[in-house]
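When a residue number appears, it is its place in the shown sequence, counting from 1.
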Amino acid sequence: MFYYYLAAAALVALDQAAKLMTRRCIALGEHVTLLSHVVGLTYVQNTGMAFSSLSSHTLLLTVVSLVASVLLAVAIWKNPFRSKFANWMLTLILAGAVGNLIDRALFGFVTDMIEVLFINFAVFNVADSFICVGVALLIVYVLFFDKSEDAPEQAGKG
């Protein structure tokens with residue numbers, strides 16, 4: 001179990017390093033193209049959550065991030081899925097939640113920097129990526145691969 005928390009800590013460190021580099025190297029609102037017409041960096045301070053929703057409720061979002069982080073840490077410990085894959089997805093989500101929690105608690109905003117240039121999309125960060133990938137893959141796992149021990153017997157068996 002310990003290695004899930006160690007991995008989450010390493011991912012949080014990666015997220016925080018990216019955010020620190022952004023705050024130090026890119027002026028607020030400045031754009032740097034990484035790959036023309038594909039991806040760039042734009043330093044944005046987001047006081048809200050996805051697509052800047054609830055931007056005037058930073059304290060609420062901080063508390064929700066804290067509660068979610070604790071619940072995810074407990075879920076990893078309790079191992080409700082009994083699957084390493086599912087636990088790795090919970091680890092990704094935990095890392096993202098903690099990464100954004102740190103920003104909210106320290107600065108009152110989340111540092112966003114990744115901008116996809118080929119579509120009109122929100123600027124996001126590494127932690128957001130962890131959350132989205134983790135949630136998407138966990139949903140796929142639960143819908144298509146999780147076999148509950150108390151599932152009813154298949155019809156026609158016997």
Rounded distance [0.5 Å steps], CG in N87 versus OH in Y3:
7.5 Å
same_hphob_cluster(L106, V126) at 4.5 Å side-chain heavy-atom cutoff:
yes
As an exercise, state the distance from CG of L143 to CG of L138, rounded to the nearest 0.5 Å.
9.5 Å
Hydrophobic cluster identity match, L72 and V133, side-chain contacts under 4.5 Å:
yes
Here the gap from I76 atom CD1 to T91 atom OG1, rounded to the nearest 0.5 Å, amounts to 3.5 Å
Note: T47 and G108 closest approach over all heavy atoms is CG2-O, 3.7 Å
Nearest heavy-atom contact between A97 and S65 is O-CB, 4.4 Å
If you take all heavy atoms of N125 and I114, which pair is closest and at what distance?
C-CD1, 3.9 Å
Applying the 4.5 Å side-chain criterion to the ILVMFWY set and letting contacts propagate, would M89 and I139 be lumped into a single cluster?
yes
Heavy atoms only: give me the nearest L35-L117 pair and the separation to one decimal.
O-CD1, 4.1 Å
Give me the atom names and distance for the closest heavy-atom approach of A127 to D15.
N-OD1, 2.9 Å
If we only count heavy atoms from C-beta on, is the N100 to K19 side-chain gap below 4.5 Å?
yes
Classify the ring geometry between Y141 and F81 as parallel (under 30°), tilted (30 to 60°) or perpendicular (over 60°).
perpendicular
Let me check something: do L92 and V12 share a hydrophobic cluster, defined by ILVMFWY side-chain heavy atoms less than 4.5 Å apart, either directly or through other members?
yes
Those residues at least two apart in sequence (or on a different chain) that pass ring-ring contact (aromatic ring centres under 6.0 Å, His included) with F107 are F109
Taking every non-hydrogen atom, the tightest pair across V140 and F145:
O-CD1, 3.8 Å
Looking at CZ of F130 and CG of L11, how far apart are the two atoms once the value is rounded to the nearest 0.5 Å?
4.5 Å
Return the OG1 to CD1 distance between T62 and I102, rounded to the nearest 0.5 Å.
12.0 Å
Checking D103 side chain against T111 main chain: does a donor-acceptor pair fall under 3.5 Å?
yes
Do L94 and L90 come close enough that some side-chain heavy atom pair is under 4.5 Å?
no
Is there a continuous path of hydrophobic side-chain contacts, each under 4.5 Å between heavy atoms, that joins L20 to M113?
no
I'd like to know if the side chain of Y4 and the backbone of W77 have a donor-acceptor N/O pair within less than 3.5 Å.
no
Report yes if the side chains of Y43 and V32 come closer than 4.5 Å at any heavy-atom pair, otherwise no.
no
Return the CD1 to OG1 distance between I26 and T42, rounded to the nearest 0.5 Å.
7.5 Å
